Amino acid sequence: MSRTTDRLRRVRLLLAGFAVAALLTAGCTLPTFAPRVESAGEPAAPAASPGAAPTWRACPEVADDLVGRGAPDMRYECARIAVPRNWGTGTGATAGPGTGETFEIALLRARSTKQRDRIGSLVLNPGGPGGSGVDTAVFLSFGPAFGGLPPAVTERFDIVGFDPRGVQRSSPIECISDGDLDASFGYDPDPRSQEAFDGFAALNRKIGQGCGAKYGDQLPLYGTEQAARDMDAVRAAVGDDKLTYLGYSYGTLLGATYAQLYPQRIRALVLDGAVDPRQGLVAGSESQAKGFERAFTNFTRWCAANAGRCPIAPDARAAVTSAIEKARVSPVRGDDGREATAGWVFYAIISSLYTETGWQELARAIDRLEGGDPKDVFRLADAYAGRGSDGHYSNLFDANLAVNCADEDEKPSLTQIRELQSKWREQYPLFGPALAVGLLACAEWPGGRDPYPTGAAAGAPPIVVVGTTGDPATPYEQTAALASMLGVGRVLTWEGEGHTAYPQTACVTDAVDAYLLDLTVPREGLRCPAR
């Protein structure tokens with residue numbers, strides 16, 4: 001399989017920007033296949049002052065770096081815009097951290113050479129937080145054969161991706177070492193002894209202190225409300241009077257925040273893989289523990305019914321649980337000397353549940369691990385973590401932690417987290433403990449908080465909120481909750497597996513395309529079958 005085909009085949013993982021509330025040291029995140037920051041290509045010259053028109057330049061090298069080539073009939077252009085570090089949100093303050101300073105926001109637009117009857121720009125966010133919209137615009141430009149956008153959309157819109165503040169090319173926040181990330185991913189996902197729990201708390205504390213020492217009172221400026229205000233600057237920079245937006249996972253939270261701030265500036269919003277903004281840190285973590293357990297149960301049922309394709313049948317749950325237990329006491333060592341600890345096995349499982357196609361990969365990885373070969377476990381886990389073959393990470397987790405913790409004013413105590421770990425182990429045995437101890441990330445995070453608003457988008461047009469019944473990362477129950485909060489949300493349901501739905505099936509694609517192109521809102525209660 002070619003490098004291009006392999007990467008584009010896994011676009012759904014990139015778009016699975018999941019809002020796992022502090023799943024490990026770096027909070028919620030997403031699988032990503034972005035190159036390391038220093039090799040990603042410079043999208044444009046330094047930005048002009050805030051509000052100035054951007055200067056676009058051809059940048060085919062971004063697609064070349066990501067997938068080895070550009071998409072047929074697509075041109076890529078890049079620019080940078082400057083935005084205030086502090087938009088003066090919340091209390092309306094005009095002074096405070098970052099006042100008078102700017103961040104640079106990197107943009108990429110993919111424009112079809114077959115474009116006709118142009119509507120405007122379709123602005124993208126893949127989730128995370130920490131996912132690169134620049135990368136996502138490139139991936140989605142490759143069309144339906146690779147999981148990208150349909151020609152009906154790419155021939156009517158410029159596809160515009162931006163890296164949010166702190167992410168990859170946009171004034172990136174960088175404060176977590178590769179060694180600390182390796183230690184975090186490799187750590188036991190359910191540290192049962194007090195000593196092991198305290199060790200994980202100490203690791204999170206070390207990470208928080210390092211980021212606090214580097215960024216100090218600037219840390220709250222990476223929050224979602226500030227980024228939503230940046231998105232309005234993106235809208236203005238591409239010349240659209242009103243925003244047309246496609247947000248996945250955390251991108252639904254970003255879009256919902258924009259809708260509350262600028263309801264009159266919306267043309268159309270598609271929010272796919274909904275985050276319920278009214279859930280606090282603890283409630284959100286428990287919701288995801290439940291979602292991943294449900295998705296894993298669906299995997300085990302598939303395995304039992306497809307023994308010919310699942311080498312760990314008939315009892316996949318027992319096989320996976322056994323693999324984690326064995327990794328706790330005797331991890332398999334790879335050819336490079338790296339050990340497949342319980343943590344790495346756990347994140348291989350997490351990674352595989354984002355798409356239904358990952359189920360067979362998980363079964364094969366666990367089977368080969370049992371035979372002494374951990375390569376597939378590392379491949380799955382590294383795809384989730386954004387870890388390169390050289391052991392270097394992008395700044396995905398640095399940005400992820402900064403955004404999540406800036407957003408959350410809830411700060412559970414270590415005692416409360418320890419109690420939740422035990423309680424959730426009983427309710428959600430495979431995923432509950434990890435989601436509980438993941439709360440340590442923001443519990444040990446320094447700096448102030450800047451929570452986003454959680455209200456109606458009064459005056460906005462209808463907003464389409466897409467949910468997948470088998471979604472592990474943004475459980476389906478959150479779909480109606482987000483639509484209800486906004487007051488103008490219209491739910492579109494996909495009865496499928498994995499994280500996010502558009503454009504995976506004809507039913508979902510037709511409904512979303514009609515909305516984006518003609519502003520035709522899906523009928524109330526529309527449910528699309530899995531196949």
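Remember, predicted model here, so these are calculated numbers, not experimental data. Any value given below was found using the heavy atoms of this structure, including those in side chains, with hydrogens, waters and symmetry copies removed.
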Side-chain heavy-atom pair [X], [Y] within 4.5 angstrom cut-off:
X      : Y      : value
Ile81  : Val234 : yes
Leu221 : Arg165 : yes
Phe142 : Val67  : yes
Tyr515 : Val270 : yes
Thr474 : Thr252 : no
Cys211 : Asp398 : no
Thr224 : Pro129 : no
Ile173 : Asn395 : yes

Using modelled atom types only, decide if a donor and an acceptor are shared between the side chain of [X] and the backbone of [Y] within a distance under 3.5 Å.
X      : Y      : answer
Tyr187 : Phe200 : yes
Asp217 : Pro97  : no
Gln478 : Asp276 : yes
Tyr250 : Asn404 : no
Glu286 : Val282 : no
Gln421 : Pro191 : yes
Tyr215 : Glu174 : yes
Gln260 : Ala457 : no
Ser121 : Val123 : no
Asp450 : Ala406 : no

To the nearest 0.5 Å, how far apart are [atom1] in [X] and [atom2] in [Y]?
X      : Y      : atom1 : atom2 : result
Ser287 : Tyr476 : OG    : OH    : 13.5 Å
Asp178 : Phe397 : CG    : CZ    : 12.0 Å
Leu420 : Ser285 : CG    : OG    : 9.0 Å
Phe292 : Asp471 : CZ    : CG    : 8.0 Å
Ile119 : Leu516 : CD1   : CG    : 8.0 Å
Leu181 : His392 : CG    : NE2   : 10.0 Å

For this session: Could you please spell out the steps behind the salt bridge (charged side-chain N to carboxylate O under 4.0 Å, His left out) verdict for Asp182 and Arg387?
Result: CA-CA 9 Å; Asp182 269 350; Arg387 185 185 193 273; 2.9 Å; yes
Residue pair [X] / [Y]: nearest heavy atoms and the distance that separates them:
X      : Y      : answer
Ala436 : Ile417 : O-CG2, 3.2 Å
Arg169 : Asp135 : NH2-OD1, 2.7 Å
Ala434 : Phe346 : CB-CZ, 3.5 Å
Ala441 : Leu401 : CB-CD1, 3.8 Å
Asp64  : Gly70  : OD1-N, 3.9 Å
Ala256 : Leu482 : CB-CD1, 3.8 Å

Establish, from distance only, whether the side-chain atoms of [X] and [Y] form a donor-acceptor pair under 3.5 Å.
X      : Y      : result
Trp87  : Asp230 : yes
Arg278 : Thr454 : no
Ser177 : Tyr393 : no
Gln226 : Asn86  : yes
Arg85  : Gln218 : yes
Tyr248 : Asn125 : no

Before accepting this row, confirm whether a basic side-chain N of the pair [X]/[Y] lies closer than 4.0 Å to the acidic partner's carboxylate O.
X      : Y      : result
Arg156 : Asp513 : no
Glu225 : Arg229 : yes
Arg235 : Asp240 : no
Asp180 : Lys206 : yes
Asp407 : Arg449 : no

For this session: Describe, in one word, how the ring planes of Tyr347 and Phe185 are oriented to each other, choosing from parallel (under 30°), tilted (30 to 60°) and perpendicular (over 60°).
Result: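 Aromatic pair Tyr347/Phe185 classed perpendicular.
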Problem set entry | salt bridge (charged side-chain N to carboxylate O under 4.0 Å, His left out) evaluation trace for Asp198 with Arg205 | CA-CA 10 Å; Asp198 290 344; Arg205 191 174 307 118; over 6 Å; no
Problem set entry | side chain to side chain contact (heavy atoms under 4.5 Å, CB included) assessment of Leu492 paired with Val508 | CA-CA 8 Å; Leu492 170 62; Val508 171; 4.3 Å; yes
Exercise. If you draw the axis of the six-membered ring of Phe197, does the NZ or CZ of Arg418 fall within 45° of it and under 6.0 Å from the ring centre?
Worked result: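 Arg418 over Phe197 ring: yes.
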Exercise. More than 12 non-hydrogen atoms from neighbouring residues, nucleotides or ligands closer than 6.0 Å to NZ on Lys411, yes or no?
Worked result: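 Atom NZ in Lys411 is crowded, with more than 12 foreign heavy atoms closer than 6.0 Å.
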Problem set entry | Worked check of side chain to side chain contact (heavy atoms under 4.5 Å, CB included) between Val138 and Leu108 | CA-CA 8 Å; Val138 171; Leu108 178 142; 3.9 Å; yes
Exercise. Going through the distances and angles, do Glu155 and Arg118 end up as a side chain to side chain contact (heavy atoms under 4.5 Å, CB included)?
Worked result: CA-CA 7 Å; Glu155 292 176 10; Arg118 181 180 178 274; over 6 Å; no
Exercise. Hey, mind stepping through Leu271 and Val464 against side chain to side chain contact (heavy atoms under 4.5 Å, CB included) and telling me if it holds?
Worked result: CA-CA 6 Å; Leu271 308 180; Val464 174; over 6 Å; no
